[in-house]
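On a predicted model such as this, the values are computed, not experimentally measured, just so you know. Letters A, B, ... mirror the listed sequences (proteins, then strands); counts begin at 1.
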Amino acid sequence: MFFSFVFGSFQLFFSFVCFIVFLFFFFSSLGHSLGYGFVNYLNPSDAERAISTLNGLRLQSKTIKVSYARPSSDTIKDANLYISGLPKTMMQKDVEEMFARYGRIINSRVLVDQASGLSRGVAFIRFDKRAEAEEAIKDLNGQKPPGAAEPITVKFAASPNQVKNSQIIPPNYHTPPRRFGGPVHHQAQRFRFSPMSVDHMSGMSGVNMPGNSSSGWCIFVYNLGQDADEGMLWQMFGPFGAVTNVKVIRDFNTNKCKGFGFVSMTNYEEAAMAIASLNGYRLGDKILQVSFKTSKSHK
DNA sequence: TGCAATT
């Protein structure tokens, strides 16, 4: 439902047709979603900006891929490979190198043991075309990688249906956010599809930490104008990192903003940076006060 | 100073 809210607003703001953005959630699928979705843009430049802004963005434990959608066709179906028996020393890059000659790799992943952080010797590789995947199986199944003691198994991956937790994509509004003094977006994190880049504060979901809840960090924004809207909050906070939700609190009768709102961000460091940067920010004729939400909420 | 919730 939040999903439909997000995509509903997206459609409202950007509407229909033309360029397609393909999203792929790395590290497994979530909820009943298959882990990916499509967004249509009216303007190619908007699609371009969505890609450059959101690709590689970390959301919870995931890193999203955002790229142009490949045209749908039977030739790209069932092109995902399951590889097992890999030497534990082989990294994602090494596995990709081994398979690259068979075709264009759409994505890849080496499974890692949660506790030890070491490779489990299992990988997935999705090729652009099923024929490429078939070639790779023919050639590499039962083969030993250079220096390996055991042969690897290469076969088609099982059809997609693992169930996991659900999470949401923060839309990023189309106005250039630089005027909010936000950081250039995620230069260091982009393309680092590694589970090592997990927020080090997320293990600290402690009771004493302000603003923290089970899903990210809630930020209190005070001194919004009467006609503040959610779009403003997305614009202000989006540049600092993964924003999962924004809310402008309005009077039920007048529908005017009561002067404050909330923003949820996934990663502590990004939330802290947003607060440090936006607290005291002048929005119109008002000086914003931005802080972690306090827990005075039980009535 | 002001910290929600009409899914």
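If you take NZ of Lys293(A) and P of dC3(B), they are 10 Å apart, rounded to a whole angstrom. The distance between atom CD1 of Ile287(A) and atom C1' of dG2(B), rounded to the nearest whole Å, is 16 Å. The nearest whole Å value for the distance from the CD atom in Gln226(A) to the C1' atom in dG2(B) is 14 Å. For the pair Glu230(A) CD and dA5(B) P, the computed distance is 13 Å after rounding to whole Å. Going from atom CG of Asn279(A) over to atom P of dT1(B) covers 13 Å, rounded to whole Å. Between the CD1 atom of Ile275(A) and the C1' atom of dC3(B) there is a distance of 13 Å, rounded to whole Å. Atom pair Asn223(A):CG and dC3(B):P shows a separation of 13 Å (rounding to whole Å applied). Rounding to whole angstrom units, CZ of residue Phe262(A) and C1' of dA4(B) are separated by 5 Å.
Closest approach to the Tyr222(A) side chain among dA4(B), dG2(B), dC3(B) is made by dG2(B) (side chain taken as heavy atoms from C-beta onward).
Here salt bridge (charged side-chain N to carboxylate O under 4.0 Å, His left out) pairs that include residues 245-259 of chain A, with residues two or more places apart or in two chains, are Glu230(A)-Arg250(A). Within the structure, salt bridge (charged side-chain N to carboxylate O under 4.0 Å, His left out) contacts touching residues 75-84 of chain A (residues at least two apart or in different chains) are Asp74(A)-Lys77(A).
Within a heavy-atom distance below 4.0 Å of DNA chain B, the residues of residues 248-261 of chain A found are Ile249(A), Phe252(A), Phe260(A).
With respect to the salt-bridge test (charged N to carboxylate O, under 4.0 angstrom), the residues Glu134(A) and Arg130(A) qualify.
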Do any side-chain atoms of residues 282-289 of chain A form donor-acceptor pairs under 3.5 angstrom with protein atoms, and if so which ones, sequence neighbours left out?
unit_1	atom_1	unit_2	atom_2	d
Arg282(A)	NE	Gly284(A)	O	3.0

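Ala276(A) pairs by the side chain to side chain contact (heavy atoms under 4.5 Å, CB included) definition with nothing, not counting sequence neighbours. Taking the salt bridge (charged side-chain N to carboxylate O under 4.0 Å, His left out) definition, one finds that Asp227(A) meets it with nothing, sequence neighbours left out.
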